[in-house]
Peer 1: 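What follows is a structure written as structure tokens; I'll ask about it next.
What you see below is based on every heavy atom in this structure, not just the backbone, and it leaves out hydrogens, waters and symmetry mates.
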Amino acid sequence: MVEPGEARDGVRRTVREKPQQIADEIRRLIVQGDLTEGDSLGREPELVERFAVSRPSMREALRILEAEGLISVRRGALGGVVVHRPDERMTARTAALLLQARGVPLMDVHNARSMIEPVAVRLVAGSRARRSAAAELRRLSADQLEAIEDPEAFGRANARFHARLVELAGNQTLSIVAEMLSEVLARAVTAVSRPDPTRDTEATRMRGLRSQARLAALVEAGDTAAAEKHWAEHMAVVGQVMVAQHAKTVIDLMRHGY
């Protein structure tokens, strides 16, 4: 007698096997670029027919992909399944949940970034592309200056600066980690940038931009040691500001945008 969930060949199957197979196939198409941001997979009945599966199996597959942030299901007459490419926000959201669940202090996240960025700075300053990198860092600083009075916009622009700084070092894996950390910490930057009668938050942001300008000059000059030292000191000061504003755990960030 064949037990429930067991095939006649004796190999045990799970009830989620078919949905997982469908999810794997759609995920593969997204990751390989056959499906891109905003593409429509069609409506549920069309997908049921396309993959030759039952409606419950298709719905479970879609739930798997939706939980991963790779699709969204729109209801109504004009609805359907819409594709989303993986991005740093998706990674940051998952990381923030995990960090929150483990009770990791915000400073732990900042310290991780503080270990990565000075090393990246040394690599950028020592590269042949250091002049163009310096020019790009200056443009990213200018973006922050334009948003100096808007904490939300400034936080996003500041995150782009930090993520791009590591990306310029040329290591893709390190870049993904840095993007995730910057996305998480962007909420902290937003929180400490909000108007406060007890402190001058705009002056704090301007000091940060002057430090970025100094970094760009050192990178352009190819002074690897001075650039690395300067940025390590910069990150230490940023950490002190975060601690002073009592953003002690990742859950604080969850209240500011996740």
Peer 1: Considering non-hydrogen atoms only, spot the tightest contact between Val124 and Ala169 and give its length.
Peer 2: CG2-N, 3.6 Å
Peer 1: Counting only heavy atoms not in Glu49, do more than 12 fall under 6.0 Å of its CD?
Peer 2: no
Peer 1: Which heavy atom of Ala227 sits nearest to which heavy atom of Leu215, and what is that distance?
Peer 2: O-CD1, 4.0 Å
Peer 1: How many angstroms lie between OG in Ser211 and CE in Met206, if you round to the nearest 0.5 Å?
Peer 2: 12.0 Å
Peer 1: Should we say atom CZ of Arg138 is surrounded by more than 12 heavy atoms from elsewhere, each under 6.0 Å from it?
Peer 2: yes
Peer 1: Starting at CD1 of Ile148, measure out to CD of Glu202 and round the result to the nearest 0.5 Å.
Peer 2: 5.5 Å
Peer 1: What are the two closest heavy atoms between His84 and Gly69, and how far apart are they?
Peer 2: CB-O, 3.5 Å
Peer 1: Any idea how His234 and His230 line up, ring-wise: parallel (<30°), tilted (30 to 60°), or perpendicular (>60°)?
Peer 2: tilted
Peer 1: Quick one, Leu41 and Val83 - any side-chain contact, counting heavy atoms below 4.5 Å?
Peer 2: yes
Peer 1: Give, for atom NZ of Lys229 and atom CZ of Arg122, the distance between the pair rounded to the nearest 0.5 Å.
Peer 2: 15.0 Å
Peer 1: Tell me whether Arg50 at atom CZ has more than 12 heavy atoms from other residues, nucleotides or ligands lying less than 6.0 Å away.
Peer 2: no
Peer 1: If I compare all heavy atoms of Ser72 with all of Glu66, which pair ends up nearest, and what's the gap?
Peer 2: CA-OE2, 4.1 Å
Peer 1: Counting neighbours of CD on Glu149 that are heavy atoms of other residues, nucleotides or ligands and sit closer than 6.0 Å, is the number greater than 12?
Peer 2: no
Peer 1: So how far is it from Glu46 CD to Met58 CE, rounded to the nearest 0.5 Å?
Peer 2: 11.0 Å
Peer 1: Only counting residues at least two apart or in another chain, list the ones meeting side chain to side chain donor-acceptor pair (under 3.5 Å) with Ser141.
Peer 2: Gln212
Peer 1: Measure the spacing between NE2 of His162 and CG of Leu140 and express it to the nearest 0.5 Å.
Peer 2: 10.5 Å
Peer 1: Compare every heavy atom of Pro118 with every heavy atom of Ser114, then report the nearest pair and how far apart it is.
Peer 2: O-CD, 2.9 Å
Peer 1: With rounding to the nearest 0.5 angstrom, report the CG to CZ distance, Leu218 to Arg130.
Peer 2: 12.0 Å
Peer 1: Compare all side-chain heavy atoms of Arg27 with those of Glu68 and state whether any distance is below 4.5 angstrom.
Peer 2: yes
Peer 1: Side chains of Ile64 and Glu60, heavy atoms from C-beta outward: is any pair under 4.5 Å?
Peer 2: yes
Peer 1: Can you tell me if Ser132 uses its side chain to pair, donor with acceptor, with the backbone of Ala129 under 3.5 Å?
Peer 2: yes
Peer 1: Locate the shortest heavy-atom distance separating Ala133 from Leu168; write the atom from each residue and the value.
Peer 2: CB-CD1, 4.0 Å
